[in-house]
There are 2 protein chains.
Amino acid sequence: MVYHKTEKVLEKQQSRKRKILNAARELLAEKEMGNASIKAIAKKAGIATGTFYLYFRDKDALIDTMLKEIYKELLDLIKKERAPYTNGFDKLEATMKACINMFMSKKNLARILLDLTPQNNAVFNTKFSDIINDLIRLTKIDLDELIEQKLIPEQDTQVSATAFVGAFREVILAWINSDEPLDAEIAYQTIINFNLRGLGKS
Amino acid sequence: MVYHKTEKVLEKQQSRKRKILNAARELLAEKEMGNASIKAIAKKAGIATGTFYLYFRDKDALIDTMLKEIYKELLDLIKKERAPYTNGFDKLEATMKACINMFMSKKNLARILLDLTPQNNAVFNTKFSDIINDLIRLTKIDLDELIEQKLIPEQDTQVSATAFVGAFREVILAWINSDEPLDAEIAYQTIINFNLRGLGKS
DNA sequence: ACATAAATTGAACCAATATTCATTTTATCT
DNA sequence: AGATAAAATGAATATTGGTTCAATTTATGT
(Lines give C-alpha, C1' and ligand atoms only; values in the text may rest on other atoms or scores of the structure.)
Protein backbone atom coordinates (compact mmCIF):
# COMPACT_ATOMS: atom_id res chain seq x y z
CA MET A 1 0.00 0.00 0.00
CA VAL A 2 1.32 3.38 -0.97
CA TYR A 3 0.18 6.50 0.79
CA HIS A 4 -0.20 9.72 -1.10
CA LYS A 5 1.24 12.95 0.16
CA THR A 6 -1.27 15.69 0.85
CA GLU A 7 -0.75 19.19 -0.43
CA LYS A 8 0.12 20.31 3.06
CA VAL A 9 2.97 17.83 3.36
CA LEU A 10 4.32 18.70 -0.05
CA GLU A 11 4.39 22.34 0.88
CA LYS A 12 6.11 21.64 4.13
CA GLN A 13 8.77 19.64 2.33
CA GLN A 14 9.36 22.31 -0.23
CA SER A 15 9.64 24.86 2.49
CA ARG A 16 12.17 22.71 4.28
CA LYS A 17 14.31 22.33 1.22
CA ARG A 18 14.15 26.08 0.80
CA LYS A 19 15.14 26.57 4.42
CA ILE A 20 18.13 24.29 4.03
CA LEU A 21 19.28 26.14 0.94
CA ASN A 22 18.85 29.49 2.62
CA ALA A 23 20.69 28.35 5.71
CA ALA A 24 23.55 27.11 3.56
CA ARG A 25 23.68 30.41 1.72
CA GLU A 26 23.85 32.40 4.87
CA LEU A 27 26.45 30.25 6.51
CA LEU A 28 28.61 30.01 3.42
CA ALA A 29 28.53 33.76 3.04
CA GLU A 30 29.92 34.36 6.48
CA LYS A 31 33.52 35.37 6.88
CA GLU A 32 34.38 32.20 8.68
CA MET A 33 33.01 29.70 6.27
CA GLY A 34 34.22 26.84 8.38
CA ASN A 35 30.91 27.10 10.15
CA ALA A 36 29.01 25.71 7.24
CA SER A 37 28.94 22.15 8.48
CA ILE A 38 25.93 19.96 7.89
CA LYS A 39 25.19 20.14 11.57
CA ALA A 40 25.25 23.92 11.54
CA ILE A 41 23.20 24.13 8.37
CA ALA A 42 20.61 21.75 9.77
CA LYS A 43 20.46 23.68 13.00
CA LYS A 44 19.98 26.98 11.21
CA ALA A 45 17.30 25.39 9.05
CA GLY A 46 15.57 24.13 12.17
CA ILE A 47 15.87 20.43 11.46
CA ALA A 48 17.84 17.48 12.79
CA THR A 49 21.09 16.61 11.08
CA GLY A 50 19.72 13.33 9.79
CA THR A 51 16.81 15.09 8.14
CA PHE A 52 19.20 16.88 5.86
CA TYR A 53 19.84 13.62 4.07
CA LEU A 54 16.18 13.21 3.24
CA TYR A 55 16.44 16.36 1.12
CA PHE A 56 19.90 16.07 -0.38
CA ARG A 57 21.93 13.01 -1.24
CA ASP A 58 24.99 14.53 0.38
CA LYS A 59 26.74 17.80 0.98
CA ASP A 60 28.01 17.98 -2.56
CA ALA A 61 24.46 17.83 -3.89
CA LEU A 62 23.52 20.76 -1.68
CA ILE A 63 26.47 22.86 -2.84
CA ASP A 64 25.73 22.00 -6.43
CA THR A 65 22.07 22.96 -6.18
CA MET A 66 22.83 26.12 -4.27
CA LEU A 67 25.46 27.41 -6.68
CA LYS A 68 23.32 26.63 -9.70
CA GLU A 69 20.48 28.52 -8.12
CA ILE A 70 22.51 31.58 -7.28
CA TYR A 71 24.14 31.68 -10.66
CA LYS A 72 20.78 31.43 -12.35
CA GLU A 73 19.50 34.38 -10.35
CA LEU A 74 22.47 36.42 -11.49
CA LEU A 75 22.13 35.46 -15.13
CA ASP A 76 18.42 36.22 -15.10
CA LEU A 77 19.05 39.67 -13.76
CA ILE A 78 21.82 40.33 -16.25
CA LYS A 79 19.60 39.23 -19.10
CA LYS A 80 16.84 41.51 -17.96
CA GLU A 81 19.12 44.52 -17.58
CA ARG A 82 20.72 44.00 -20.96
CA ALA A 83 17.45 43.65 -22.80
CA PRO A 84 16.93 47.34 -23.61
CA TYR A 85 20.32 47.74 -25.30
CA THR A 86 21.75 46.86 -28.67
CA ASN A 87 25.07 48.68 -28.54
CA GLY A 88 27.89 46.45 -27.32
CA PHE A 89 29.28 48.90 -24.80
CA ASP A 90 25.87 49.56 -23.37
CA LYS A 91 25.28 45.87 -22.95
CA LEU A 92 28.59 45.40 -21.18
CA GLU A 93 27.90 48.33 -18.94
CA ALA A 94 24.42 47.05 -18.18
CA THR A 95 25.96 43.72 -17.24
CA MET A 96 28.36 45.35 -14.84
CA LYS A 97 25.67 47.49 -13.33
CA ALA A 98 23.41 44.49 -12.86
CA CYS A 99 26.20 42.66 -11.08
CA ILE A 100 27.06 45.60 -8.90
CA ASN A 101 23.46 46.13 -7.90
CA MET A 102 22.88 42.50 -7.11
CA PHE A 103 26.06 42.11 -5.17
CA MET A 104 25.56 45.28 -3.22
CA SER A 105 22.07 44.40 -2.20
CA LYS A 106 22.84 40.75 -1.53
CA LYS A 107 26.31 40.67 -0.17
CA ASN A 108 26.02 37.04 0.81
CA LEU A 109 25.51 36.09 -2.83
CA ALA A 110 28.56 38.06 -3.78
CA ARG A 111 30.68 36.38 -1.17
CA ILE A 112 29.64 32.99 -2.41
CA LEU A 113 30.00 33.74 -6.10
CA LEU A 114 33.12 35.85 -6.05
CA ASP A 115 35.11 35.25 -2.95
CA LEU A 116 38.34 33.45 -3.23
CA THR A 117 38.51 31.71 0.05
CA PRO A 118 36.68 28.59 -0.94
CA GLN A 119 35.78 25.51 0.94
CA ASN A 120 37.75 22.40 1.38
CA ASN A 121 35.06 20.92 -0.75
CA ALA A 122 36.03 19.63 -4.15
CA VAL A 123 32.63 20.14 -5.69
CA PHE A 124 32.46 23.69 -4.46
CA ASN A 125 35.75 24.56 -6.02
CA THR A 126 34.94 22.91 -9.31
CA LYS A 127 31.51 24.48 -9.57
CA PHE A 128 32.89 27.80 -8.52
CA SER A 129 35.53 27.87 -11.16
CA ASP A 130 32.98 26.69 -13.72
CA ILE A 131 30.92 29.76 -12.94
CA ILE A 132 33.82 32.15 -13.29
CA ASN A 133 34.75 30.51 -16.57
CA ASP A 134 31.21 30.84 -17.76
CA LEU A 135 31.19 34.53 -16.96
CA ILE A 136 34.42 34.88 -18.90
CA ARG A 137 32.91 32.96 -21.79
CA LEU A 138 29.89 35.26 -21.90
CA THR A 139 32.08 38.32 -21.74
CA LYS A 140 34.20 37.02 -24.58
CA ILE A 141 31.12 36.81 -26.79
CA ASP A 142 30.48 40.50 -26.23
CA LEU A 143 34.08 41.37 -26.95
CA ASP A 144 34.16 39.43 -30.19
CA GLU A 145 31.09 41.31 -31.24
CA LEU A 146 32.71 44.63 -30.42
CA ILE A 147 35.70 43.74 -32.54
CA GLU A 148 33.43 42.62 -35.33
CA GLN A 149 31.89 46.07 -35.25
CA LYS A 150 35.33 47.66 -35.09
CA LEU A 151 34.47 49.38 -31.86
CA ILE A 152 37.57 48.08 -30.12
CA PRO A 153 40.94 47.11 -31.59
CA GLU A 154 41.89 43.54 -32.47
CA GLN A 155 43.01 41.63 -29.39
CA ASP A 156 43.04 38.23 -27.76
CA THR A 157 39.50 38.34 -26.45
CA GLN A 158 39.96 35.29 -24.30
CA VAL A 159 42.64 37.12 -22.35
CA SER A 160 40.75 40.42 -22.34
CA ALA A 161 37.60 38.77 -21.11
CA THR A 162 39.56 37.08 -18.34
CA ALA A 163 41.12 40.37 -17.32
CA PHE A 164 37.76 42.07 -17.48
CA VAL A 165 36.13 39.59 -15.15
CA GLY A 166 39.15 39.45 -12.87
CA ALA A 167 39.29 43.22 -12.43
CA PHE A 168 35.62 43.36 -11.77
CA ARG A 169 35.65 40.55 -9.28
CA GLU A 170 38.52 41.91 -7.29
CA VAL A 171 36.90 45.32 -6.97
CA ILE A 172 33.53 44.00 -5.94
CA LEU A 173 35.18 41.76 -3.40
CA ALA A 174 37.22 44.56 -1.89
CA TRP A 175 34.03 46.51 -1.77
CA ILE A 176 32.11 43.84 0.00
CA ASN A 177 34.79 43.07 2.52
CA SER A 178 35.62 46.64 3.40
CA ASP A 179 33.82 48.00 6.38
CA GLU A 180 33.89 51.67 5.51
CA PRO A 181 31.49 52.12 2.64
CA LEU A 182 33.71 53.76 0.07
CA ASP A 183 32.12 56.32 -2.16
CA ALA A 184 29.97 53.96 -4.17
CA GLU A 185 29.31 56.33 -7.03
CA ILE A 186 32.97 57.06 -7.74
CA ALA A 187 34.17 53.50 -7.24
CA TYR A 188 31.37 52.34 -9.42
CA GLN A 189 32.35 54.61 -12.27
CA THR A 190 36.03 53.87 -11.80
CA ILE A 191 35.81 50.13 -12.35
CA ILE A 192 33.47 50.51 -15.30
CA ASN A 193 35.81 53.02 -16.91
CA PHE A 194 38.83 50.89 -16.16
CA ASN A 195 37.35 47.91 -17.90
CA LEU A 196 35.99 49.74 -20.90
CA ARG A 197 39.21 51.66 -21.39
CA GLY A 198 41.12 48.44 -20.91
CA LEU A 199 39.34 46.99 -23.91
CA GLY A 200 40.44 49.97 -25.94
CA LYS A 201 37.17 51.82 -26.19
CA SER A 202 38.06 54.83 -28.27
CA MET B 1 74.40 20.57 32.27
CA VAL B 2 73.68 22.08 28.91
CA TYR B 3 75.17 20.63 25.77
CA HIS B 4 76.14 22.88 22.92
CA LYS B 5 75.18 22.11 19.37
CA THR B 6 78.02 21.53 16.95
CA GLU B 7 78.11 23.25 13.61
CA LYS B 8 77.20 20.01 11.92
CA VAL B 9 74.02 19.63 13.92
CA LEU B 10 73.01 23.22 13.33
CA GLU B 11 73.43 22.73 9.62
CA LYS B 12 71.42 19.56 9.65
CA GLN B 13 68.63 21.32 11.48
CA GLN B 14 68.60 24.20 9.07
CA SER B 15 68.54 21.81 6.20
CA ARG B 16 65.61 19.99 7.74
CA LYS B 17 63.63 23.16 8.19
CA ARG B 18 64.37 23.99 4.57
CA LYS B 19 63.24 20.54 3.50
CA ILE B 20 59.99 20.90 5.37
CA LEU B 21 59.32 24.27 3.76
CA ASN B 22 60.12 22.94 0.32
CA ALA B 23 57.95 19.90 0.81
CA ALA B 24 55.09 22.13 1.89
CA ARG B 25 55.55 24.34 -1.14
CA GLU B 26 55.48 21.46 -3.51
CA LEU B 27 52.51 19.78 -1.96
CA LEU B 28 50.50 22.98 -1.61
CA ALA B 29 51.13 23.83 -5.24
CA GLU B 30 49.68 20.59 -6.49
CA LYS B 31 46.24 20.58 -8.00
CA GLU B 32 44.84 18.44 -5.29
CA MET B 33 45.97 20.41 -2.31
CA GLY B 34 44.24 18.08 0.06
CA ASN B 35 47.46 16.13 0.05
CA ALA B 36 49.27 18.73 2.07
CA SER B 37 48.73 17.06 5.41
CA ILE B 38 51.41 17.18 8.05
CA LYS B 39 51.97 13.49 7.50
CA ALA B 40 52.48 13.99 3.78
CA ILE B 41 54.71 16.99 4.28
CA ALA B 42 56.81 15.12 6.82
CA LYS B 43 57.06 12.13 4.55
CA LYS B 44 58.14 14.24 1.60
CA ALA B 45 60.68 16.00 3.81
CA GLY B 46 62.00 12.63 4.92
CA ILE B 47 61.18 12.96 8.61
CA ALA B 48 58.70 11.46 11.04
CA THR B 49 55.46 13.31 11.64
CA GLY B 50 56.37 14.10 15.22
CA THR B 51 59.63 15.69 14.12
CA PHE B 52 57.69 18.34 12.30
CA TYR B 53 56.67 19.80 15.61
CA LEU B 54 60.26 20.28 16.64
CA TYR B 55 60.63 22.73 13.78
CA PHE B 56 57.27 24.48 13.75
CA ARG B 57 54.86 25.17 16.56
CA ASP B 58 51.96 23.99 14.44
CA LYS B 59 50.70 23.92 10.89
CA ASP B 60 49.73 27.57 10.98
CA ALA B 61 53.28 28.57 11.78
CA LEU B 62 54.48 26.63 8.76
CA ILE B 63 51.98 28.27 6.44
CA ASP B 64 52.84 31.65 7.82
CA THR B 65 56.57 31.20 7.35
CA MET B 66 56.15 29.75 3.91
CA LEU B 67 53.92 32.51 2.60
CA LYS B 68 56.18 35.20 3.99
CA GLU B 69 59.13 33.57 2.30
CA ILE B 70 57.47 33.26 -1.08
CA TYR B 71 56.15 36.78 -0.97
CA LYS B 72 59.58 38.09 -0.11
CA GLU B 73 61.07 36.30 -3.10
CA LEU B 74 58.49 37.91 -5.33
CA LEU B 75 59.04 41.40 -3.94
CA ASP B 76 62.79 41.05 -4.26
CA LEU B 77 62.48 40.13 -7.89
CA ILE B 78 60.07 42.97 -8.58
CA LYS B 79 62.39 45.42 -6.89
CA LYS B 80 65.32 44.23 -8.95
CA GLU B 81 63.40 44.42 -12.23
CA ARG B 82 62.08 47.87 -11.53
CA ALA B 83 65.46 49.29 -10.59
CA PRO B 84 66.51 50.40 -14.09
CA TYR B 85 63.39 52.49 -14.66
CA THR B 86 62.22 55.92 -13.57
CA ASN B 87 59.14 56.34 -15.75
CA GLY B 88 55.98 55.22 -13.99
CA PHE B 89 54.65 53.16 -16.87
CA ASP B 90 57.96 51.42 -17.32
CA LYS B 91 58.02 50.55 -13.66
CA LEU B 92 54.52 49.14 -13.77
CA GLU B 93 55.33 47.15 -16.85
CA ALA B 94 58.53 45.87 -15.29
CA THR B 95 56.51 44.77 -12.28
CA MET B 96 54.09 42.85 -14.42
CA LYS B 97 56.86 41.26 -16.43
CA ALA B 98 58.67 40.24 -13.28
CA CYS B 99 55.52 38.60 -12.00
CA ILE B 100 54.82 36.86 -15.25
CA ASN B 101 58.33 35.53 -15.51
CA MET B 102 58.39 34.30 -11.96
CA PHE B 103 54.99 32.70 -12.18
CA MET B 104 55.70 31.07 -15.49
CA SER B 105 58.96 29.58 -14.35
CA LYS B 106 57.72 28.58 -10.94
CA LYS B 107 54.15 27.61 -11.39
CA ASN B 108 53.97 26.19 -7.93
CA LEU B 109 54.69 29.61 -6.46
CA ALA B 110 52.02 31.12 -8.61
CA ARG B 111 49.45 28.60 -7.52
CA ILE B 112 50.21 29.28 -3.93
CA LEU B 113 50.25 33.04 -4.23
CA LEU B 114 47.40 33.50 -6.65
CA ASP B 115 45.22 30.49 -6.66
CA LEU B 116 42.22 29.58 -4.68
CA THR B 117 43.16 27.40 -1.84
CA PRO B 118 40.87 24.63 -0.84
CA GLN B 119 42.60 24.80 2.49
CA ASN B 120 40.11 25.78 5.03
CA ASN B 121 43.00 27.09 6.93
CA ALA B 122 42.16 30.36 8.59
CA VAL B 123 45.76 31.49 8.72
CA PHE B 124 46.29 30.67 5.10
CA ASN B 125 43.33 32.69 3.98
CA THR B 126 44.18 35.64 6.16
CA LYS B 127 47.79 35.72 5.10
CA PHE B 128 46.78 35.23 1.53
CA SER B 129 44.46 38.15 1.47
CA ASP B 130 47.07 40.25 3.26
CA ILE B 131 49.44 39.59 0.40
CA ILE B 132 46.92 40.54 -2.25
CA ASN B 133 46.13 43.71 -0.34
CA ASP B 134 49.78 44.52 -0.12
CA LEU B 135 50.21 44.12 -3.85
CA ILE B 136 47.26 46.45 -4.33
CA ARG B 137 48.81 48.93 -1.92
CA LEU B 138 52.08 48.93 -3.83
CA THR B 139 50.30 49.36 -7.12
CA LYS B 140 48.34 52.28 -5.74
CA ILE B 141 51.58 54.08 -4.92
CA ASP B 142 52.60 53.83 -8.56
CA LEU B 143 49.24 55.06 -9.74
CA ASP B 144 49.26 58.06 -7.44
CA GLU B 145 52.63 58.96 -8.84
CA LEU B 146 51.35 58.67 -12.39
CA ILE B 147 48.52 61.03 -11.58
CA GLU B 148 50.91 63.40 -9.89
CA GLN B 149 52.84 63.50 -13.15
CA LYS B 150 49.62 63.93 -15.11
CA LEU B 151 50.36 60.80 -17.10
CA ILE B 152 46.95 59.31 -16.35
CA PRO B 153 43.65 61.05 -15.59
CA GLU B 154 42.37 61.66 -12.07
CA GLN B 155 40.72 58.55 -10.67
CA ASP B 156 40.10 56.59 -7.52
CA THR B 157 43.48 54.90 -7.41
CA GLN B 158 42.43 52.50 -4.69
CA VAL B 159 39.81 51.08 -7.03
CA SER B 160 42.07 51.19 -10.08
CA ALA B 161 44.85 49.43 -8.26
CA THR B 162 42.42 46.76 -7.15
CA ALA B 163 41.17 46.29 -10.69
CA PHE B 164 44.71 46.22 -11.98
CA VAL B 165 45.77 43.46 -9.63
CA GLY B 166 42.54 41.56 -10.09
CA ALA B 167 42.80 41.53 -13.87
CA PHE B 168 46.38 40.47 -13.70
CA ARG B 169 45.76 37.71 -11.25
CA GLU B 170 42.85 36.24 -13.14
CA VAL B 171 44.83 36.09 -16.37
CA ILE B 172 47.91 34.54 -14.80
CA LEU B 173 45.73 32.00 -13.08
CA ALA B 174 43.90 31.03 -16.23
CA TRP B 175 47.26 30.71 -17.81
CA ILE B 176 48.64 28.46 -15.15
CA ASN B 177 45.63 26.23 -14.97
CA SER B 178 45.16 25.80 -18.68
CA ASP B 179 46.85 22.80 -20.13
CA GLU B 180 47.33 24.03 -23.64
CA PRO B 181 49.99 26.69 -23.45
CA LEU B 182 48.24 29.60 -25.06
CA ASP B 183 50.36 31.89 -27.14
CA ALA B 184 52.42 33.39 -24.36
CA GLU B 185 53.65 36.37 -26.32
CA ILE B 186 50.21 37.58 -27.33
CA ALA B 187 48.53 36.89 -24.02
CA TYR B 188 51.40 38.59 -22.29
CA GLN B 189 51.02 41.76 -24.34
CA THR B 190 47.25 41.67 -24.08
CA ILE B 191 47.07 41.78 -20.32
CA ILE B 192 49.73 44.46 -20.07
CA ASN B 193 47.91 46.58 -22.62
CA PHE B 194 44.58 45.98 -20.95
CA ASN B 195 45.85 47.20 -17.64
CA LEU B 196 47.75 50.19 -18.94
CA ARG B 197 44.85 51.27 -21.11
CA GLY B 198 42.52 50.68 -18.21
CA LEU B 199 44.42 53.27 -16.23
CA GLY B 200 43.91 55.73 -19.06
CA LYS B 201 47.38 55.79 -20.49
CA SER B 202 47.09 58.25 -23.32
C1' DA C 1 -9.31 3.96 16.02
C1' DC C 2 -6.18 0.80 14.00
C1' DA C 3 -2.51 -0.52 10.85
C1' DT C 4 1.08 0.79 8.19
C1' DA C 5 3.77 4.02 5.36
C1' DA C 6 6.56 7.92 5.50
C1' DA C 7 9.19 11.34 7.74
C1' DT C 8 12.06 12.77 11.49
C1' DT C 9 15.33 12.45 15.02
C1' DG C 10 19.95 12.63 17.13
C1' DA C 11 23.17 9.66 18.94
C1' DA C 12 26.52 6.55 17.07
C1' DC C 13 29.74 5.66 13.48
C1' DC C 14 33.51 6.59 10.52
C1' DA C 15 37.26 8.86 8.14
C1' DA C 16 40.60 12.21 7.92
C1' DT C 17 44.06 14.79 10.12
C1' DA C 18 46.34 17.74 13.54
C1' DT C 19 48.83 17.06 17.70
C1' DT C 20 51.00 14.65 21.67
C1' DC C 21 54.08 11.65 24.20
C1' DA C 22 56.43 7.45 25.91
C1' DT C 23 60.20 5.26 23.87
C1' DT C 24 64.38 5.01 21.08
C1' DT C 25 68.29 6.98 18.77
C1' DT C 26 71.87 10.26 18.35
C1' DA C 27 74.99 13.88 20.08
C1' DT C 28 77.74 16.03 23.64
C1' DC C 29 80.81 16.28 27.43
C1' DT C 30 83.94 14.33 30.90
C1' DA D 1 83.35 4.55 27.43
C1' DG D 2 79.79 6.07 30.45
C1' DA D 3 76.36 9.38 31.57
C1' DT D 4 73.05 12.45 30.18
C1' DA D 5 71.08 16.04 27.14
C1' DA D 6 68.82 16.67 22.89
C1' DA D 7 66.56 15.10 18.87
C1' DA D 8 63.74 11.93 16.50
C1' DT D 9 60.22 8.54 16.12
C1' DG D 10 55.52 6.88 15.03
C1' DA D 11 51.78 4.83 17.32
C1' DA D 12 48.20 6.60 20.15
C1' DT D 13 45.04 10.42 21.05
C1' DA D 14 41.87 14.19 20.11
C1' DT D 15 39.04 16.62 17.20
C1' DT D 16 36.25 17.75 13.51
C1' DG D 17 32.71 16.94 10.39
C1' DG D 18 30.15 13.92 7.05
C1' DT D 19 27.05 10.05 7.06
C1' DT D 20 24.11 6.22 8.82
C1' DC D 21 20.45 3.93 11.29
C1' DA D 22 17.51 2.06 15.02
C1' DA D 23 14.02 4.17 17.42
C1' DT D 24 10.27 7.60 17.48
C1' DT D 25 6.86 10.63 15.65
C1' DT D 26 3.66 11.97 12.22
C1' DA D 27 0.64 11.16 8.20
C1' DT D 28 -2.42 8.33 5.43
C1' DG D 29 -6.07 5.19 4.34
C1' DT D 30 -9.73 2.03 5.87
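It should be emphasised that the depicted structure is a prediction, and the values quoted were computed from it without experimental measurement.
Checking C:dT28, C:dT19, C:dA7 against the side-chain heavy atoms of A:Gln13 singles out C:dA7 as nearest. With C:dT8, C:dA11, C:dA27 as the candidates, the nucleotide lying closest to the side chain of B:Val9 is C:dA27. Among the nucleotides D:dG10, C:dT9, C:dT17, the one closest to any side-chain atom of B:Ala48 is D:dG10. The side chain of B:Tyr55 approaches D:dA8 more closely than any other nucleotide in the set D:dA8, D:dT19, D:dA7. Proximity note for B:Met1 (side chain, C-beta onward) versus C:dT9, D:dA5, D:dA11: the nearest is D:dA5. The side chain of A:Tyr53 sits closest to D:dG18 out of C:dA18, D:dT9, D:dG18.
If you check distances only, the side chain of B:Tyr3 does reach the base of D:dT4 with a donor-acceptor pair under 3.5 Å.
Along DNA chain C, the nucleotide nearest A:Lys39 and the nucleotide nearest A:Gly46 are compared for position; the residue whose nucleotide lies closer to the 5' end is A:Gly46. Between A:Lys8 and A:Arg57, it is A:Arg57 whose nearest contact on DNA chain D lies nearer the 5' terminus.
Between the CD1 atom of A:Ile47 and the C1' atom of D:dT19 there is a distance of 14 Å, rounded to whole Å. Between the C1' atom of C:dT17 and the NZ atom of B:Lys43 lies a distance of 15 Å, rounded to the nearest Å. We find that CG of B:Leu54 is positioned 11 Å from P of C:dT20, with the value rounded to whole Å. In this structure, B:Asp58 places its CG atom 19 Å from P of D:dA14, rounding to the nearest Å. Here D:dC21 presents its P atom at 17 Å from CZ of A:Phe52, a figure rounded to the nearest Å. For the pair A:Leu10 CG and D:dT26 C1', the computed distance is 15 Å after rounding to whole Å. For B:Ile38 and D:dT16, the CD1 to P distance is 16 Å, given to the nearest whole Å. We find that CD of B:Glu7 is positioned 15 Å from P of C:dA27, with the value rounded to whole Å.
Residues B:Lys80 and B:Asp76 are not paired through a salt bridge, judged by the lack of any N-O separation under 4.0 Å between the basic side chain and the carboxylate. Looking at B:Glu11 and B:Lys17, no side-chain N of the basic residue comes within less than 4.0 Å of a carboxylate O on the acidic one, giving no salt bridge. Ionic pairing of B:Asp142 and B:Arg82 is present here: one or more N-O contacts between side-chain nitrogen and carboxylate oxygen are shorter than 4.0 angstrom.
A sub-4.0 Å separation between OP1 or OP2 of D:dG10 and a side-chain N or O of B:Thr49 is absent. Phosphate contact (OP1/OP2 of D:dG18, side-chain N/O of A:Lys59, threshold under 4.0 Å): present. One finds a side-chain N or O of B:Lys5 lying less than 4.0 angstrom from the OP1 or OP2 phosphate oxygen of D:dA7. In this structure, A:Arg16 does not reach the C:dA7 phosphate: none of its side-chain N or O atoms is under 4.0 Å from OP1 or OP2. For the OP1/OP2 pair of D:dT9 and a distance below 4.0 Å, the side-chain nitrogens and oxygens of B:Thr51 include at least one atom meeting the criterion.
Within a 6.0 Å radius of CD in B:Gln14, no more than 12 heavy atoms belonging to other residues, nucleotides or ligands are found.
Side chains of A:Tyr71 and A:Asp134: a donor on one and an acceptor on the other come within 3.5 Å.
With B:Leu143 as the fixed residue, the side-chain contact (heavy atoms from CB on, under 4.5 Å) test singles out one of B:Ile141, B:Ile147, B:Leu146: B:Leu146.
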